[in-house]
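Please read the structure below before turning to the comments.
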Amino acid sequence: MIDIKFLRDNPDLVRASQRARGADESLVDQVLAADEKRRASLSEFESLRAEQKSVSKSVGAIMGKLGAAKKQGGDVTAIQAEADEARAKATELAAEVKRREAAADDEGAEFTGLLKKLDNIVLDGVPAGGEDDYVVLEHIGEPTTFDFEPLDHLALGEKLGAIDMERGAKVGGARFYFLTGVGARLELALLNLAMNQAVEQGFIPMITPTLVRPEIMDGTGYLDAHEDVYHLPADDLYLTGTSEVALAGYHQGEIIDISGGPKRYAGWSSCYRREAGSHGKDTRGIIRVHQFNKVEMFVYCDPADAQAEHQRLLDWEKEMLAKVELPYRVIDTAAGDLGGSAARKYDSEAWVPTQGRYRELTSTSNCTTYQARRLGIRYRTPEGRTEPVATLNGTLATTRWLVAILENHQQADGSVKVPAALQPFLGTDVLKPL
RNA sequence: GGAGGCGUCGCCUAGUCUGGUCUAUGGCGCCCGCCUGCUAAGCGGGUUUGGGGCUUAAAACCCCAUCGAGGGUUCAAAUCCCUCCGCCUCCGCCA
């Protein structure tokens with residue numbers, strides 16, 4: 001949710017942001033109109049409410065007098081009449097207050113509904129346009145070349161006894177898989193490497209709930225894309241597609257202390273995605289699956305620090321990619337391809353030899369104060385005011401990384417070299433075919 | 001799954017039975033000031049959060065809401081009723 005005060009003062013900036021995203025510009029004026037209406041009817045209701053309260057209070061005072069007079073055994077008819085009169089007036093007032101309150105509530109809900117539809121304001125420098133309008137920021141390493149015909153990750157995985165798609169489908173259906181033997185160990189190695197790095201950098205390691213309540217899912221902005229989210233109707237819970245959701249919900253409704261610097265969490269969780277919009281895409285292997293594991297960085301910080309923190313997250317992702325020795329590029333995602341909560345997003349994409357292209361391995365978003373405003377997460381400024389924090393997230397490792405690791409480090413005999421950083425976790429420098 | 005207890009402004013706590021001087025009590029902590037060789041003690045004041053108004057803006061000020069959440073009854077709800085959430089105790093079941 002964006003700041004309504006900012007919107008009132010800078011409608012043109014918000015319009016420009018909507019335009020860059022290819023989103024509805026007229027929403028801005030709808031929100032502003034709804035805001036006017038809601039404030040007018042709120043004022044009306046509140047002043048009438050104040051009147052009702054004072055009349056009602058006077059009834060209380062009269063009741064007190066009445067009680068005292070009764071106790072003394074005096075004549076109470078005059079006081080009784082006064083009480084009846086005041087009460088009658090209050091009754092009338094109460095009915096009108098109820099009507100105005102309902103109107104104010106309706107207009108408030110209308111306003112909030114519209115405001116929530118507005119996506120985050122994209123930052124200066126974010127390329128305008130859609131999915132293909134990204135800007136490549138840098139290339140690290142050269143695409144891997146082979147003097148033999150490389151196998152794809154699934155063929156390699158099957159030879160190594162690392163991936164079993166067939167039984168995955170038997171047990172869970174399409175887009176499910178088993179990681180077996182060295183496959184399971186390789187994933188654990190990767191995730192542990194990521195977790196270790198995060199801890200070294202001062203992150204608090206977290207293992208998070210993967211089922212969350214509707215408020216949390218909505219607060220992070222993912223319910224807007226609800227067709228891609230698993231829902232358990234019997235319990236009204238949602239399966240999270242990333243631990244970002246639980247980590248953002250962790251401080252929901254709190255005023256947190258960031259006076260000592262950003263709060264950084266590293267979440268380890270299984271992630272669940274319906275992949276509803278991607279039928280037929282990436283159906284081979286484990287590139288796009290319904291369930292995978294991920295280590296995710298999540299940060300709460302001073303909004304003034306958010307852009308610098310975003311760079312740091314990107315640097316830490318690059319550090320992980322260097323450790324597993326992959327060639328990749330970094331892109332600055334275009335406005336239209338940002339999630340609704342994100343103001344800027346950098347993806348790192350590793351080279352996948354058998355596809356001859358780069359595929360996303362990490363994604364780091366600066367959500368500025370958008371999520372925090374929805375979730376009610378604030379900090380105290382040095383002046384003592386409460387303001388929404390900025391939230392940011394970024395990937396440190398996922399199951400998908402196995403695809404790039406297997407393919408880029410394969411050798412002619414079907415074995416796969418293990419990057420040095422992973423060797424201590426696996427106890428070997430090469431994975432050999434069965 | 002069943003039975004019972006509980007949820008109050010950072011923490012603890014009074015108030016709930018019997019609706020109205022509750023504008024929510026007191027303590028601790030914290031902040032400001034006074035006093036004081038220094039410290040401690042003492043004294044005085046302040047200390048939930050959100051929204052609306054006023055204001056160029058902020059502060060101050062006024063108003064509305066806020067006693068786990070949401071609804072209801074009533075002129076009036078922390079207090080009565082309903083639903084939900086969470087915590088605790090016991091029983092049952094279970095990996």
Side-chain angles (χ1 to χ4, degrees), chain A residues 1-11 31-71 76 79-116 209 211-219 232-238 246 249-260 369 372-389:
Chain A
M1 200 157 59
I2 70 166
D3 182 3
I4 181 60
K5 287 187 191 123
F6 180 87
L7 175 62
R8 274 181 218 143
D9 295 340
N10 308 279
V31 171
L32 287 172
D35 180 43
E36 291 271 324
K37 263 178 87 176
R38 148 224 169 221
R39 282 193 290 164
S41 90
L42 193 60
S43 284
E44 241 175 72
F45 154 66
E46 282 183 353
S47 58
L48 202 66
R49 173 69 154 172
E51 191 185 339
Q52 185 213 0
K53 271 177 69 167
S54 80
V55 171
S56 192
K57 221 169 206 176
S58 72
V59 175
I62 296 166
M63 297 306 276
K65 260 201 294 183
L66 189 62
K70 270 184 180 162
K71 217 177 254 173
V76 297
I79 304 173
Q80 184 68 57
E82 194 187 348
D84 290 345
E85 192 188 333
R87 203 186 294 195
K89 188 179 169 198
T91 307
E92 213 173 292
L93 216 45
E96 182 61 16
V97 164
K98 213 168 189 176
R99 272 193 294 276
R100 303 266 178 123
E101 183 175 22
D105 283 353
D106 285 353
E107 269 149 31
E110 166 84 7
F111 162 74
T112 310
L114 284 168
L115 183 64
K116 278 173 87 173
L211 285 168
V212 300
R213 309 216 290 211
E215 309 89 274
I216 301 295
M217 206 46 145
D218 184 52
L232 276 59
D235 301 285
D236 198 18
L237 290 170
Y238 292 89
Y250 188 68
H251 285 303
Q252 188 219 12
E254 298 181 19
I255 298 171
I256 60 172
D257 181 10
I258 54 168
S259 59
T369 57
R373 195 167 276 110
R374 275 173 97 138
L375 287 165
I377 306 171
R378 291 155 296 158
Y379 74 107
R380 224 170 269 287
T381 64
E383 301 78 45
R385 302 162 48 74
T386 58
E387 295 286 345
V389 298

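Sequence lines set the chain letters: A, B, ... in the order given, protein chains first and strands last, and positions in each chain run from 1. The shown structure was predicted, so the numbers you read here are calculated from the model rather than taken from an experiment.
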Provide, to the nearest angstrom, the distance between the [atom1] atom belonging to [X] and the [atom2] atom belonging to [N].
X	N	atom1	atom2	answer
A:Ile256	B:rU49	CD1	P	16 Å
A:Leu93	B:rA76	CG	C1'	12 Å
A:Lys98	B:rG71	NZ	P	12 Å
A:Glu101	B:rA65	CD	P	9 Å
A:Asp3	B:rG51	CG	P	9 Å
A:Glu92	B:rC75	CD	C1'	12 Å
A:Glu107	B:rG52	CD	P	15 Å
A:Glu215	B:rC84	CD	P	15 Å

N or O in side chain of A:Arg213 less than 4.0 angstrom from B:rC85 OP1/OP2: no
Phosphate-side-chain proximity, A:Arg49 and B:rA65, N/O vs OP1/OP2 below 4.0 Å: yes
Between [options], which nucleotide has the shortest distance from any of its atoms to the side chain of [X]?
X	options	answer
A:Phe45	B:rG52, B:rC64, B:rC75	B:rC64
A:Glu46	B:rC75, B:rC63, B:rU49	B:rC63
A:Arg380	B:rU49, B:rG52, B:rC75	B:rU49

Exceeds 12 heavy-atom contacts within 6.0 angstrom, atom CZ of A:Phe111: yes
Touch check for [X], heavy atoms < 4.0 angstrom, all strands: base, sugar-phosphate only, or nothing?
X	result
A:Arg8	sugar-phosphate
A:Gln52	sugar-phosphate
A:Lys53	sugar-phosphate

Does any non-hydrogen side-chain atom of [Y] lie less than 4.5 Å from one of [X]?
X	Y	value
A:Tyr379	A:Ile255	no
A:Asp35	A:Ile4	yes
A:Glu92	A:Lys89	no

How far does the [atom1] atom of [N] sit from the matching atom of [M], given to the nearest Å?
N	M	atom1	answer
B:rG37	B:rG27	P	29 Å
B:rC30	B:rA40	P	11 Å
B:rU16	B:rU21	P	13 Å
B:rC38	B:rG45	C1'	25 Å
B:rC61	B:rU47	P	10 Å
B:rC90	B:rC12	P	22 Å
B:rC81	B:rU74	P	16 Å
B:rG5	B:rC80	P	13 Å

If we call it a pair only when both distances are under 3.5 Å in a Watson-Crick or G-U wobble match, what pairs with [N]?
N	answer
B:rU25	none
B:rC87	B:rG5
B:rC61	B:rG53

First encountered from the 5' end of RNA chain B, between A:Ile4 and A:Ile255: A:Ile255
A:Thr386 vs A:Ala50, nearer the 5' end of RNA chain B by closest nucleotide: A:Thr386
Report each atom pair, protein N/O against N/O of nucleotides 59-61 of chain B, whose distance is under 3.5 angstrom.
| from | atom 1 | to | atom 2 | distance (Å) |
| --- | --- | --- | --- | --- |
| B:rA59 | OP1 | A:Arg385 | NH1 | 3.1 |

Short side-chain to backbone donor-acceptor contact, A:Arg374 and A:Asp218, under 3.5 Å: yes
Any donor-acceptor pair under 3.5 Å from A:Thr381 side chain to A:Arg385 backbone: yes
Non-hydrogen atoms of A:Val55 and A:Ala90 that approach each other most closely: CG1-CB, 3.8 Å
Test: A:Asp9 and A:Lys5 ion pair at under 4.0 Å: no
Sidechain N-carboxylate O distance under 4.0 Å for A:Glu46, A:Arg49: no
Base B:rC75 to side chain A:Ser56, donor-acceptor N/O within 3.5 Å cut-off: yes
